[in-house]
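Since the structure comes first, as structure tokens, the remarks are kept for the end.
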Amino acid sequence: MREITIFSGTAHPELAKEVCECLGVPLSPITIRHFSNDCLYVQLNANCRESDVFLIQPLVPPVQEHLVELLFMLDAARGASAARTTAVIPYYSYARSDKKDAPRISIAGRLVADLLVTAGANRVLTMTLHAAQVHGFFSVPTDHLNALKILAQHFRGRDLTNTVVVAPDLGNAKSASHFARMLRLPVAAGSKQRLSDEKVVIEAIVGDVDGKNAIIIDDEIANGGTVLEMIHLLRERQAGRIEVVCTHGLFTGNVIEHLGSQPNVVEIITTNTVPIPPEKRLPNMYVLSVAPLFAETIRRIHVGESVSSLFADTM
């Protein structure tokens with residue numbers, strides 16, 4: 001059987017190292033630098049001829065830099081005669097650009113998917129796309145993971161009496177319902193209108209949240225506008241404990257300061273799909289590792305086992 005060869009770009013090498021530790025394989029060396037004219041140089045410093053190559057690179061800020069790194073890595077692997085090359089993208093940021101909701105704009109989620117395939121991706125492995133239909137933008141086999149089991153495990157064994165799972169918008173209601181079923185809790189959802197990238201209005205909450213403890217679950221938190229608006233509404237409904245849960249903790253701008261100042265928010269739970277530096281961490285923040293799940297998925301892809309069976313009880 002051909003070997004597994006794993007490389008990492010500069011976006012999140014810590015996650016790549018953890019995945020390699022779970023698999024018991026080394027993280028192969030790579031050289032990434034800039035020429036004097038700012039052009040990018042990428043060299044894979046390990047033999048990957050006829051190997052099963054996995055390139056780990058979440059599209060985190062600076063997104064364009066990390067995207068081009070990944071494109072060059074894919075092209076280099078193809079040129080090095082890799083048997084198969086899988087782009088492992090724990091966070092696919094362009095999934096938010098999934099439709100033409102204004103005149104004369106690019107559907108960037110589809111364009112970037114095409115770029116990845118053109119560069120040499122034979123397969124894509126990602127987690128918790130912002131819009132599920134983005135899965136269909138890829139013309140190669142794509143495994144779409146979710147972190148619901150990992151996030152739910154954090155609450156196992158707790159007293160969740162008088163608790164409700166809350167999706168901040170109806171678009172996340174389906175995944176929130178799956179999460180609520182795992183914890184055997186009721187679910188509610190906000191009716192949201194987005195005014196701009198940083199401004200949202202939640203007009204109503206569908207479901208019973210009055211006087212209850214709440215677990216707010218979202219796919220990602222960037223500037224935090226949606227989550228902060230939901231916290232405000234729940235406080236108006238005399239909510240008790242509020243726990244904020246997300247898969248991708250980008251925490252851009254001043255969202256960490258805003259979340260840290262909310263008296264009702266007792267915990268913030270996220271995963272390490274994106275790097276979270278010390279300055280973005282709070283005393284009540286828990287960062288759960290997705291490395292074992294990615295490692296097991298990579299193993300299954302390599303040996304030809306089912307990946308969907310990993311999530312059989314979440315569907």
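Computed from a prediction, not measured in an experiment: that's the story for all the values here.
For the residue pair E18 / S289, a side-chain donor-acceptor distance below 3.5 Å is found, with atom types taken as modelled. Side chains of R235 and N264: a donor on one and an acceptor on the other come within 3.5 Å. Judged purely by distance below 3.5 Å, without hydrogens or angles, the side chains of E69 and T10 pair a donor atom with an acceptor atom. Judged by distance alone, the side chains of Q262 and H258 never bring a donor and an acceptor atom under 3.5 Å apart.
Taking 4.5 Å as the limit, some side-chain heavy atom of L15 sits within range of a side-chain heavy atom of P90. Looking at heavy atoms from C-beta onward, L233 lies in side-chain contact with I205 at the 4.5 angstrom threshold. With a 4.5 Å cut-off on side-chain heavy atoms, V164 and L185 do not count as touching. Residues K212 and L234 fail the side-chain proximity criterion, which asks for heavy atoms closer than 4.5 Å. Between Q43 and I30 there is no side-chain heavy-atom pair separated by less than 4.5 Å. Side-chain contact between L145 and L125: present, with at least one pair of heavy atoms (C-beta onward) separated by less than 4.5 Å. Using a 4.5 Å heavy-atom threshold, the side chains of V287 and N272 count as touching. Residues T31 and V42 form no side-chain contact, since every pair of their non-hydrogen atoms from C-beta on lies 4.5 Å or further apart.
The main-chain N or O of T247 is found under 3.5 Å from a side-chain atom of T271 such that the two form a donor-acceptor pair. Between the side chain of R78 and the backbone N or O of A119 there is at least one donor-acceptor pair closer than 3.5 Å. With hydrogens and angles disregarded, no donor-acceptor distance shorter than 3.5 Å links the side chain of H34 to the backbone of L40.
Under the 4.5 Å side-chain heavy-atom criterion for ILVMFWY residues, a single connected hydrophobic cluster contains both F72 and V63. I242 and I221 fall within a single hydrophobic cluster, where Ile, Leu, Val, Met, Phe, Trp and Tyr are joined by side-chain heavy atoms under 4.5 Å apart, directly or via other members. Linking Ile, Leu, Val, Met, Phe, Trp and Tyr whenever their side-chain heavy atoms come within less than 4.5 Å leaves F251 and L288 in two separate clusters. Residue I89 is not grouped with residue V307 when hydrophobic side chains (ILVMFWY) are merged at heavy-atom distances under 4.5 angstrom, including chains of intermediate members. At a threshold of 4.5 Å between side-chain heavy atoms, the hydrophobic network of Ile, Leu, Val, Met, Phe, Trp and Tyr places F138 and L70 in one connected group.
Considering all non-hydrogen atoms of both residues, A95 and V134 come closest at O-CG2, 3.5 Å. Residue P275 comes nearest to A11 through the heavy atom pair CG-O, 3.5 Å, listed as atom of the first residue, atom of the second, then distance. Closest heavy-atom contact between G9 and Q57: CA-OE1, 3.2 Å. Nearest heavy-atom pair across L59 and L67 is CD2-CA, 3.8 Å. Here the closest heavy-atom approach between residue R300 and residue S309 is recorded as NH1-OG, 2.8 Å. Smallest separation of non-hydrogen atoms from S97 and I107: O-CG2, 3.7 Å.
Between Y92 and F137, the ring center distance fails the sub-6.0 Å criterion.
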### Task
Tell me, with the steps shown, if F54 and F294 meet ring pair (Phe, Tyr, Trp, His ring centres under 6.0 Å).
CA-CA 11 Å; F54 294 85; F294 272 97; over 10 Å; no

### Task
Kindly indicate, with the supporting measurements, whether the criterion side chain to side chain contact (heavy atoms under 4.5 Å, CB included) is fulfilled by I256 and N254.
CA-CA 6 Å; I256 286 297; N254 297 322; over 6 Å; no

### Audit row: V25, E3, side chain to side chain contact (heavy atoms under 4.5 Å, CB included) steps and yes/no
CA-CA 10 Å; V25 301; E3 296 181 349; over 6 Å; no

### Task
Might you work through the side chain to side chain contact (heavy atoms under 4.5 Å, CB included) test for L129 and H135, ending with a clear yes or no?
CA-CA 8 Å; L129 294 168; H135 190 158; 4.2 Å; yes

#### Entry: From CA spacing to verdict: side chain to side chain contact (heavy atoms under 4.5 Å, CB included), N223, V255
CA-CA 6 Å; N223 57 49; V255 64; 5.6 Å; no

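Salt bridge status for R241 with E243: present, with a side-chain N to carboxylate O gap under 4.0 Å. A salt bridge is absent between R110 and D98; no separation between the charged side-chain nitrogens and carboxylate oxygens falls under 4.0 Å. Using a 4.0 Å cut-off between a side-chain N of Lys or Arg and a carboxylate O of Asp or Glu, K17 and E14 do not qualify as a salt bridge.
Distance check, rounded to the nearest 0.5 Å: CG of L116 to CG of N122 gives 12.0 Å. Once rounded to the nearest 0.5 Å, the distance linking CD1 of I276 with OG1 of T270 reads 4.5 Å. In this structure, R123 CZ and T142 OG1 are separated by 8.0 Å, a value rounded to the nearest 0.5 Å. Rounded to the nearest 0.5 angstrom, I215 CD1 and L151 CG are separated by 10.5 Å. Of the inter-residue distances, the one linking N213 atom CG with L160 atom CG reads 9.0 Å to the nearest 0.5 angstrom. Going from atom OG of S308 over to atom CG of D143 covers 8.5 Å, rounded to the nearest 0.5 Å.
The aromatic rings of H154 and Y286 are tilted relative to each other, their planes meeting at an angle between 30° and 60°. Between Y91 and H248, the two ring planes are tilted [angle within 30° to 60°].
More than 12 heavy atoms of other residues, nucleotides or ligands sit less than 6.0 Å from atom CZ of R158.
Alongside Y41, the hydrophobic cluster contains F35 (criterion: ILVMFWY side chains under 4.5 Å).
Residues passing the side-chain hydrogen bond (donor to acceptor under 3.5 Å, both in side chains) test with D208, sequence neighbours excluded: none.
Residue H302 is tested with D52, T297, L23, T86 for a side chain to side chain contact (heavy atoms under 4.5 Å, CB included); the sole match is D52.
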